[in-house]
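Below: the structure, in structure tokens.
Only this structure's heavy atoms are used, side chains among them; waters, hydrogens and symmetry mates stay out. All residue numbers refer to positions in the sequence shown, counting from 1.
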Amino acid sequence: MFKEDLDLGNNNSVTEAKTERLEDVEVLKEALLEEKNKAEGYLANWQRTQADLDNYSKQAEQEKLEIVEFANKTLILNLLVILDDFERAFASLPAELSNSSWIEGAMLIVNKLKTILEAQGLAEINARGECFDPYLHEAAGQQEGEEGIIIEEIRKGYKFKDKLLRPSMVIVGKGQKNRTQEERQGV
């Protein structure tokens, strides 16, 4: 009988050992699942942080480009005033000075400045003979002429990288007087 008790005790200890192992496996599975969830959470947080960093880098680069473009626009606007002054000076030159080598040299400098500005993205807006466009032209007055067509350009307008930098100041045609009005005034 002692042997049977021993066998039962041995079976119980084996069963208890198996139960303990199963419990240990379950505990390990739960711990593994918990650690796996933590790792997935860490990965998701890392990915979100990486995306935030990428977005911040792109935004900072874009802001830097906008600051540089704004500075360029401001500088070019200030230089346009000087170009306007040169053009007015050349337009009012006496005929005897127009062939002077000194004047020709100044014209070359102005043309070189224009070329440099054009290389940076500056472009003149065509005005004379064009239809009036309120997005590109600023009307300074009206005169007799073909209605809606620009008769005279008072100040040149410019675009910078396909965006309006300064509108052209122009005189726009308001149409021709009717002959009957002219006849009434003459009578």
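- Residue pairs satisfying the salt bridge (charged side-chain N to carboxylate O under 4.0 Å, His left out) criterion with at least one member in residues 99-111, sequence neighbours excluded, are absent.
- Using a 4.5 Å cut-off between side-chain heavy atoms of Ile, Leu, Val, Met, Phe, Trp and Tyr, with links allowed through other members, Ile82 and Leu93 fall into the same hydrophobic cluster.
- Note that the CG atom of Asp54 and the CD atom of Gln50 stand 5.0 Å from one another [nearest 0.5 Å].
- Of the residues Val68, Ile67, Thr74, the one that meets the side chain to side chain contact (heavy atoms under 4.5 Å, CB included) test with Phe70 is Thr74.
- Hydrophobic clustering places Phe86 together with Leu77 (ILVMFWY residues linked when any side-chain heavy atoms are closer than 4.5 Å, directly or through intermediates).
- One finds a salt bridge joining Glu35 and Lys38 here, because a Lys/Arg side-chain nitrogen approaches an Asp/Glu carboxylate oxygen to under 4.0 Å.
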Between Arg155 and Glu138, does a side chain to side chain contact (heavy atoms under 4.5 Å, CB included) hold up when you go through it step by step? CA-CA 10 Å; Arg155 183 188 72 195; Glu138 181 179 330; 4.2 Å; yes

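- Using a 4.5 Å heavy-atom cutoff, the side chains of Val170 and Glu152 are not in contact.
- Here the CG atom belonging to Leu32 is positioned 9.5 Å from the CG atom belonging to Asn37, to the nearest 0.5 angstrom.
- With respect to Asp24 and Lys29, no salt bridge is recorded, no charged nitrogen being found less than 4.0 Å from a carboxylate O.
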I would like to know whether Glu61 and Lys64 meet salt bridge (charged side-chain N to carboxylate O under 4.0 Å, His left out); could you show each step before the answer? CA-CA 5 Å; Glu61 185 65 28; Lys64 187 173 23 171; 3.7 Å; yes

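- For the atom pair OH of Tyr158 and CG of Leu136, the computed distance is 14.5 Å after rounding to the nearest 0.5 Å.
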Residues 114-134 side chain polar contacts: donor-acceptor under 3.5 Å, at least two apart:
{"residue": "Lys114", "atom": "NZ", "partner": "Glu87", "partner atom": "OE2", "Å": "2.9"}
{"residue": "Thr115", "atom": "OG1", "partner": "Asn111", "partner atom": "O", "Å": "2.9"}
{"residue": "Glu124", "atom": "OE2", "partner": "Lys156", "partner atom": "NZ", "Å": "3.4"}
{"residue": "Arg128", "atom": "NE", "partner": "Ile151", "partner atom": "O", "Å": "3.4"}
{"residue": "Asp133", "atom": "OD1", "partner": "Tyr135", "partner atom": "N", "Å": "2.9"}

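- Put simply, Leu164 and Leu79 are part of two different groups of oily side chains (I, L, V, M, F, W, Y) that touch within less than 4.5 Å, one to the next.
- The only option from Val110, Ile109, Ile103 that meets the side chain to side chain contact (heavy atoms under 4.5 Å, CB included) definition with Met107 turns out to be Ile103.
- Crowding of Glu69 atom CD: a count of heavy atoms from other residues, nucleotides or ligands under 6.0 Å exceeding 12.
- Using a 4.5 Å heavy-atom threshold, the side chains of Val27 and Glu30 count as separate.
- To the nearest 0.5 angstrom, Lys159 atom NZ is 15.0 Å from Arg166 atom CZ.
- In this structure the side chain of Asn72 reaches within 4.5 angstrom of the side chain of Phe160, judged on heavy atoms.
- The distance from the NZ atom of Lys174 to the CD atom of Gln143 is 8.5 Å, given to the nearest 0.5 Å.
- Cluster membership check: Leu83 shares its hydrophobic cluster with Leu165, using side-chain heavy-atom separations under 4.5 Å among Ile, Leu, Val, Met, Phe, Trp and Tyr.
- No side-chain heavy atom of Ile171 sits under 4.5 Å from any side-chain heavy atom of Gln142.
- Enclosure of atom CG in Asp162 is not indicated, since only 12 or fewer non-hydrogen atoms of other residues, nucleotides or ligands lie within 6.0 angstrom.
- A distance of 13.0 Å separates CG in Asn55 from CD in Gln62, rounded to the nearest 0.5 Å.
- Exactly one of Thr49, Leu43, Asn45 qualifies for a side chain to side chain contact (heavy atoms under 4.5 Å, CB included) with Gln47. That residue is Leu43.
- Put simply, the side chain of Ser168 reaches to within 4.5 Å of the side chain of Glu153, judged on heavy atoms.
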